[in-house]
Protein chains: 2
Amino acid sequence: MTGRPRSFDRDAALAAAVEQFWRVGYDETTIATLTSAMGVTPPSLYAAFGDKERLFQEASRTYFARTCEGMDEAATRPTAHEAIAEMLDGTARAHTDAATPPGCLVLTEPRLGSQRAAVRERLRSRLDRGVRDGDLPAATPTDELAGFLLAVMRGMSGCARDGGSAEDVLAIARTALRALPPPVDRGPLPPD
Amino acid sequence: MTGRPRSFDRDAALAAAVEQFWRVGYDETTIATLTSAMGVTPPSLYAAFGDKERLFQEASRTYFARTCEGMDEAATRPTAHEAIAEMLDGTARAHTDAATPPGCLVLTEPRLGSQRAAVRERLRSRLDRGVRDGDLPAATPTDELAGFLLAVMRGMSGCARDGGSAEDVLAIARTALRALPPPVDRGPLPPD
DNA sequence: GTCATTCCATAGCGATCACTACACAAGGAG
DNA sequence: CTCCTTGTGTAGTGATCGCTATGGAATGAC
């Protein structure tokens, strides 16, 4: 019933898998590189995580959860402009963090389209709140704008993957903010 | 000296190879799918194109030449705003043309970084001309702006690959234009 | 201790990868 | 026709892919 205990840290092994998928993508990641990076033999990998596909799903879910944390925290900024600026800034920092592979797994991996849609939905949701709060014009095309911002984030990821510096990626984010509608002036007091 | 003549159209076979690399990328394209799509057996492929790497180089060079044609033609527009708008519009149309795979080979394939740098350079060059012509402010950060536009184009390609419609991709292009500096008023005629 | 259960390590499965050896076919030169 | 050159088609190379059969090691239950 109980059996021999596992000889490796499952979470640590999963983190190593995340790092692999993140750096070279699903297709270029092989079971051999995974077992090497995770410090685990193939049978142990399959016993603990199923197959390559399920391991990738679990890895991408872990990765995506962290991404969403960052976005949700940035979304708490009082105005839509500040929130979007913080999201793009955090994205730029994450994409060029020397401690992790460049770019973003969700924005790069072809098969993670649904996660990208979720990111876009989060962007739109924050823009919608900006319209409700009155710091964005009522006529703001929030869905179009969210699609644009997702595209910019993807471009930032690609720039980082091509070796772009943190400043290069940040410059993209800064420029993208110019495409937002001008903030609505709501009087002498800050709206929050 | 003369030998047996080739039994297939080299250009047509190359075009089929371009289509393969374009649709699924370098890594996912196998010799087997290439020979099938090109209507050629492996020895003929290797005799005519070298190996997979050289075939890809020739295919991407062919593809890139067409891309540059489109950009150079768009660059002839009188103002920088019109030229950039035309480039983004042409990009959007190319990325969602039903007759070709969605997205862009150059903007998608990791190993084509130098071609992406060339696209960015073309964008910067046209922006620089806009500054010289006086339809962009003298202080315009043309290099940063070119990096931003390349990122947007990459995002447009990704959107198309994710199944985005022509209108979705065009909306990204339209929104990106809002990030350009306002045109310099150069007299009684409206600059737009 | 014995047993059942679970994990680990070696070793290798069939399939597919990029690529090619070999024999033959199709042309020009003489 | 006989050569010579070059392309074609079959069939298969060693390497690597994702994945697993098998046997032994490590635990708890009794």
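In what follows, chains carry the letters A, B, and so on, assigned in the order in which the sequence lines appear, proteins first and then strands, with residues in each chain numbered from 1. Note that the coordinates shown come from a computational prediction; the quantities given were computed from them, not determined experimentally. As a basis for the values below, the full set of heavy atoms in this structure was taken, side chains included, without hydrogen atoms, waters or symmetry mates.
- Between the CE atom of B:Met38 and the P atom of C:dA18 there is a distance of 13 Å, given to the nearest Å.
- Distance CZ (A:Phe56) to P (D:dC19): 14 Å, rounded to an integer number of Å.
- Between C:dC8 and A:Ser44, a contact under 4.0 Å exists linking OP1 or OP2 to a side-chain N or O.
- Aromatic ring pairs are classed by plane angle as parallel below 30°, tilted from 30° to 60° and perpendicular above 60°; the pair B:Phe49 and B:Phe8 is tilted.
- Across all strands shown, A:Thr35 has no heavy atoms under 4.0 Å from either base or sugar-phosphate atoms.
- C:dT20 atom P lies 14 Å from atom NZ of B:Lys52, rounded to whole Å.
- With rounding to whole Å, A:Glu28 atom CD is found 10 Å from D:dG18 atom P.
- Put simply, the side chain of A:Gln115 reaches to within 4.5 Å of the side chain of A:Ser60, judged on heavy atoms.
- At least one side-chain heavy atom of B:Phe56 sits under 4.5 Å from a side-chain heavy atom of B:Arg111.
- One atom, OH of A:Tyr26, and another, P of D:dC17, lie 13 Å apart when rounded to the nearest Å.
- Minimum atom distance to the side chain of A:Pro5 is reached by D:dT27, of the listed C:dG27, C:dT10, D:dT27.
- Side-chain proximity of B:Tyr46 to C:dT6, D:dG18, C:dT20: nearest is C:dT20.
- For A:Phe8 and C:dA9, the CZ to C1' distance is 13 Å, given to the nearest whole Å.
- At a cut-off of 3.5 Å, with distance as the only test, a side-chain donor of A:Ser44 or A:Thr41 sits close to an acceptor on the other residue.
- The separation between A:Arg54 atom CZ and D:dG18 atom C1' is 13 Å, rounded to whole Å.
- Using a 4.5 Å heavy-atom cutoff, the side chains of B:Leu14 and B:Leu55 are in contact.
- Residue-level contact check: B:Thr29 touches the backbone only, with heavy atoms under 4.0 Å from sugar-phosphate atoms and none from bases.
- When distances run from any side-chain atom of B:Thr41 to the nucleotides D:dG18, D:dT8, C:dA18, the shortest one goes to D:dT8.
- The shortest distance between side-chain heavy atoms of B:Arg122 and B:Met87 does not fall below 4.5 Å.
- Summary of the strand contacts: B:Val40 and A:Glu53 both lie near DNA chain D, and taking for each the nucleotide with the nearest heavy atom, the more 5' one is attributed to B:Val40.
- No side-chain N or O of A:Asp128 forms a donor-acceptor pair with one of A:Ser125 less than 3.5 Å apart.
- For C:dC8, the OP1/OP2 oxygens have a side-chain nitrogen or oxygen of A:Ser7 closer than 4.0 Å.
- Residue whose closest nucleotide on DNA chain D sits further toward the 5' end, between B:Arg6 and B:Pro42: B:Arg6.
- Overall, the helix from C:dG1-D:dC30 to C:dG30-D:dC1 carries an axis bend of 10° between its ends, with five pairs at each end and the value rounded to 10°.
- Residue B:Thr2 places its side chain closer to C:dG27 than to any other of D:dG18, C:dC19, C:dG27.
- Summarising the geometry, the separation between CG on B:Asp51 and C1' on D:dT13 is reported as 17 Å, rounded to the nearest angstrom.
- Nearest to the side chain of B:Arg4, among D:dC19, C:dA25, C:dG27, sits C:dA25.
- Annotation: side chain of B:Phe64 is not in contact with side chain of B:Leu105 (no heavy-atom distance under 4.5 Å).
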